[in-house]
Protein chains: 2
Amino acid sequence: MAKIPKNSKFVLCLVFSMIFNLLFIINLYVGGGWNLSWSSRAAEEAEAVAAISCSGHGRAYLDGLVLDDEKQPLCECNTCYSGPDCSQFIPNCAADADEGDPLFLEPFWIQHAANSAVLVAGWHRMSYSYNDKTVISKVLEKHIRKLHSLVGNAVTEDRFIIFGTGSTQVISAAVHALSPDNASSPARVVASIPYYSLYREQTDYFESMHFKFEGDASPWINTTNTSSTNLIEFVTSPNNPDGQLNKAVLHGPYVKAIHDLAYYWPHFTPIPAPADEDLMTFTLSKLTGHAGTRFGWAVIKKKSVYERMTMHMELNTMGVSRDSQLRALKLLKVILEGKGREIFEFGYKTMKARWEILNQTLSLSNRFSLQKIPPQYCTFFQEFRESSPAYAWLKCEREEEKDCYAVLKAANIIGRRGYMFSAEDRYVRLSMIKSRDDFDALIERLKELVSEEESVVKGT
Amino acid sequence: MAKIPKNSKFVLCLVFSMIFNLLFIINLYVGGGWNLSWSSRAAEEAEAVAAISCSGHGRAYLDGLVLDDEKQPLCECNTCYSGPDCSQFIPNCAADADEGDPLFLEPFWIQHAANSAVLVAGWHRMSYSYNDKTVISKVLEKHIRKLHSLVGNAVTEDRFIIFGTGSTQVISAAVHALSPDNASSPARVVASIPYYSLYREQTDYFESMHFKFEGDASPWINTTNTSSTNLIEFVTSPNNPDGQLNKAVLHGPYVKAIHDLAYYWPHFTPIPAPADEDLMTFTLSKLTGHAGTRFGWAVIKKKSVYERMTMHMELNTMGVSRDSQLRALKLLKVILEGKGREIFEFGYKTMKARWEILNQTLSLSNRFSLQKIPPQYCTFFQEFRESSPAYAWLKCEREEEKDCYAVLKAANIIGRRGYMFSAEDRYVRLSMIKSRDDFDALIERLKELVSEEESVVKGT
């Protein structure tokens, strides 16, 4: 072996040392860790938790349960998975398609980890109010207006915007604000069947001298010109549970409407035109998938209604958590950076694929049917688009199968019974917006159910 | 000049290069930035905003207003300061001592920046529910119990805990839950004068067939054994506005109480013993100073009350923002790490000093007086402690000065009028818990007012 001269050794050492210098510099600048001081502990904690492997079938969270002898939070497993790292599949587990938990968007945020993270300093927004003495971030309000204008789903020019702790609180505020203060009888709150059960549950719970839940809107259709009963109609478009682009059915001098547009985003429906109603409600939950952040808003035409809803928010909760407002802002910034294309393409693609798989799964069945929603021109995507609804509104077609929920339950599928939407129990709502694991389990159980049907048919 | 041999140059370069490597390694490991990837952008953003100088008289926030041609948020200045960096003092500005904005604790969190920061990943807790299908973080609940046990201010063993969007929502839920469902007449909601105006405003606003605000508790004292009217008494201890450790004044088979213990922390009062009431409410706002996070809780004895309050939270807002719960957890962890000594010493020291300065300022006045609160043994600090109330309950002593609010207003001091607490307008509440700048302005204006008094006395 040739002897390396002394000088060459030095040169070699120097070259290596300088390569290391270069690598460090690249790591620091690209990794961005150059100046971090007080924030690095929080950043490290978050990355450590994100790095916990839950096999793609669960997730660990910063505020997850920590066993006394462990240092890091435990994996929280998806339905049908268990074990410390969620790797154990539970065969024949029940498919839970009950809740409208919008986890189908979780992979989008994991893909956009760097842009969507927020570091909240210990002293962030401790005050009750923003600098303008309100409880509403004007910066967030501006981003919401930009988003509606980009998507083209709602007119916000010359409109007021208020925030609520989820659209749950927003619709409650709306019912309070639209009820006459000093009428001889309470306003009747109605909706077209099938409708989202919260309207009934919440209005019943807060029932006052000023409003009362009355149920089905249809008996009032022919009375609005002759009666002076104050009516508040919930109009949900796309409708929960059946995805139809509902219109108000009541019109007249004593009729007011709350347009619940939670699902009026390109994930779930073509956007034919911007909605331009007196009172429209939206929620972050069905836009970005952040149900847990509890952030909703309303777009309002009348100043008096806006003022009453603002008072409601102040007396009920003193506005929405400033932490939720910060998070919502960050998420909307990511959507706007991508001009909305990224998230809505992702959302539409996911929902459309699921809807097709579900339709295909049930295509051979005479026992079950699904709602039909006609394709429409979508002004956002600038083309005709098929529907991609958030929920399947499944019907049991056999005369004797009046309790469709029970039929599915027996096949290990948990839906939400038609009765909950004031409809026949021949219908069941199946949530299509949960995690991939939930959807896969649903399809598996449905396939088994349909194949039973086929084998019975073949057997006869 | 001596020529350096070629070899020596290499050695020198190598030494420098290796020193650089060493420095990089130290920077990375000590700075903690070694492994940061997706989280570093958020961390940098937060540090950049924190580094904006607002001259110690204002603050910039991540979600602050950004002018179109600027890249970073603007400074939001404290009362009496203005300019782009809040360095311009506004002479003779009004001292605003109206709101109970707990910014006196902001410096504590700035001192504990590294421990109290939270990095929220884009996919953090998107779901409606935690892993146990509830809307309440069990880990946070556990920390709340630990904190009460450490401070010794409330018994939580065998008690239920629910969360609300600030204690504002918690007390509303409590009124709903304690009202009988099917009584012939609504429960009367009462409190001892002076009382926090929200009790009246909120109960009036949500008035239903089940409850009604009735005002002063005292007329009911002698009726509770003979009448079967359902009564709900708000007991606030320490009381807002006057800091007294109130007890319930009504007792009897038809009486229920809501013990609002928002201020029952060592910042504001000696803790004589753990409270052990049927229904106790607390808020993060007056414990850590995070009013904007909107997080409160109740400790409840009866399962039925707990269940009704839980239903209230679900129908009203579907629980508390998971982002608020995460933040609350982080803050409580910091308190518990320091065994509570650090924050309560800081809080007590600050409030005590302010109370002394205020008393000293008014000591020469015959025109104004302050409430007296006797010292007590504090089981947390294990010694007798003077009071250090959150609010001054100022009285205008001159017969003719019946509108004390106007007297102060004329002297450029904004307080909250006695009427707001259902008391005489001879009283005004002055907030002692705002920022240092607010407190300093208050003392300045009061000094001027008292010196006028002196000069009048000297002049006669």
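Below, chain A is the first sequence line, B the second, and so on; all start at residue 1.
Contact annotation for A:Leu65: both backbone and side-chain heavy atoms come within less than 4.5 Å of a heavy atom of chain B. Proximity to chain B is absent for every atom of A:Val49, based on heavy atoms less than 4.5 angstrom apart. Of the two parts of A:Glu207, the backbone and the side chain both hold a non-hydrogen atom closer than 4.5 Å to a non-hydrogen atom of chain B. With a threshold of 4.5 angstrom between heavy atoms, A:His210 does not approach chain B through any atom at all. Residue A:Ala121 touches chain B through its backbone alone, counting heavy-atom pairs closer than 4.5 Å. Residue A:Leu105 touches chain B through both its backbone and its side chain, counting heavy-atom pairs closer than 4.5 Å. Heavy atoms closer than 4.5 Å to chain B are found nowhere in A:Asp204, neither backbone nor side chain. Heavy-atom distances place the side chain of A:Ser285, and not its backbone, under 4.5 Å from chain B. For A:Glu99, the part lying near chain B is the side chain, with the backbone staying farther off; criterion is any non-hydrogen pair under 4.5 Å. The parts of A:His290 that come within reach of chain B are both its backbone and its side chain, each placing non-hydrogen atoms under 4.5 angstrom from that chain. In this structure, chain B has heavy atoms under 4.5 Å from both the backbone and the side chain of A:Leu326.
Counting only distance, with no hydrogens or angles, the side chain of B:Lys434 and the backbone of B:Asp96 share a donor-acceptor pair below 3.5 Å. Between the side chain of A:Ser40 and the main chain of A:Ser37, a donor-acceptor pair closer than 3.5 Å is present. The backbone N or O of B:Thr293 sits less than 3.5 Å from a side-chain atom of B:Ser324, completing a donor-acceptor pair. A donor-acceptor pair under 3.5 Å links the side-chain atoms of A:His176 to the main chain of A:Ser172, judged by distance alone. Judged by distance alone, with hydrogens and angles left aside, the side-chain atoms of A:Asp101 form no donor-acceptor pair with the main-chain N or O of A:Leu103 at under 3.5 Å.
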Subject >> side-chain contact (heavy atoms from CB on, under 4.5 Å) evaluation trace for A:Thr168 with B:Thr317 >> reply: CA-CA 5 Å; A:Thr168 310; B:Thr317 57; 5.6 Å; no
**OP:** Report the C-alpha distance between B:Arg322 and A:Asp63 in whole Å, list the side-chain angles of each, state the deciding distance to 0.1 Å, and finish with yes or no for salt bridge (Lys or Arg N to Asp or Glu O under 4.0 Å).
**Re:** CA-CA 10 Å; B:Arg322 315 316 174 236; A:Asp63 55 0; over 6 Å; no
**OP:** For the pair B:Val139 and A:Val66, evaluate side-chain contact (heavy atoms from CB on, under 4.5 Å) and give the outcome as yes or no after the intermediate values.
**Re:** CA-CA 8 Å; B:Val139 176; A:Val66 178; over 6 Å; no
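Residue with the most contacts toward chain B among A:Gly100, A:Pro107, A:Gly296, A:Ser435: A:Gly100 (heavy-atom pairs, distance under 4.5 Å). Of the listed residues (B:Gln325, B:Arg59, B:His112), the one with the most heavy-atom contacts under 4.5 Å to chain A is B:Arg59. Of the listed residues (B:Met318, B:Arg125, B:Glu314), the greatest number of heavy-atom pairs within a distance under 4.5 Å of chain A belongs to B:Arg125. No other option in A:Phe206, A:Tyr128, A:Trp109, A:Phe295 has as many heavy-atom pairs under 4.5 Å with chain B as A:Tyr128. Residue with the most contacts toward chain B among A:Ser167, A:Gly289, A:Ala48: A:Gly289 (heavy-atom pairs, distance under 4.5 Å). Listed options B:Lys142, B:His312, B:Glu201, B:Lys138 were ranked by heavy-atom pairs under 4.5 angstrom with chain A; first place goes to B:His312. For the options A:Lys330, A:Arg41, A:Gln169, A:Glu76, heavy-atom pairs under 4.5 Å to chain B are most numerous at A:Glu76. Contact count against chain A (heavy-atom pairs under 4.5 Å) is highest for B:Arg327 among B:Gln202, B:Lys333, B:Arg327. Between chain B and the options A:Val118, A:Thr165, A:Leu329, the largest number of non-hydrogen pairs under 4.5 Å is found for A:Val118. Interface remark: of the candidates A:Ser321, A:Ser116, A:Gly164, A:Ser321 forms the most heavy-atom pairs closer than 4.5 Å to chain B. With chain A as the partner, the residue from B:Ser208, B:Ala113, B:Gly58, B:Ala50 showing the most heavy-atom pairs under 4.5 Å is B:Ala113.
Note: A:Trp123 and A:Trp38 have tilted aromatic rings, judged against thresholds of 30 and 60 degrees for the angle between ring planes.
Of all the heavy atoms in B:Met313 and B:Ala173, the pair that sits closest is CE-CB, 3.6 Å.
The SG atoms of A:Cys75 and A:Cys54 lie less than 2.5 Å from each other.
A salt bridge does not link B:Asp323 to A:Arg294: none of the charged nitrogens lies less than 4.0 Å from a carboxylate oxygen.
Using a 4.5 Å heavy-atom threshold, the side chains of B:Leu198 and B:Arg200 count as separate.
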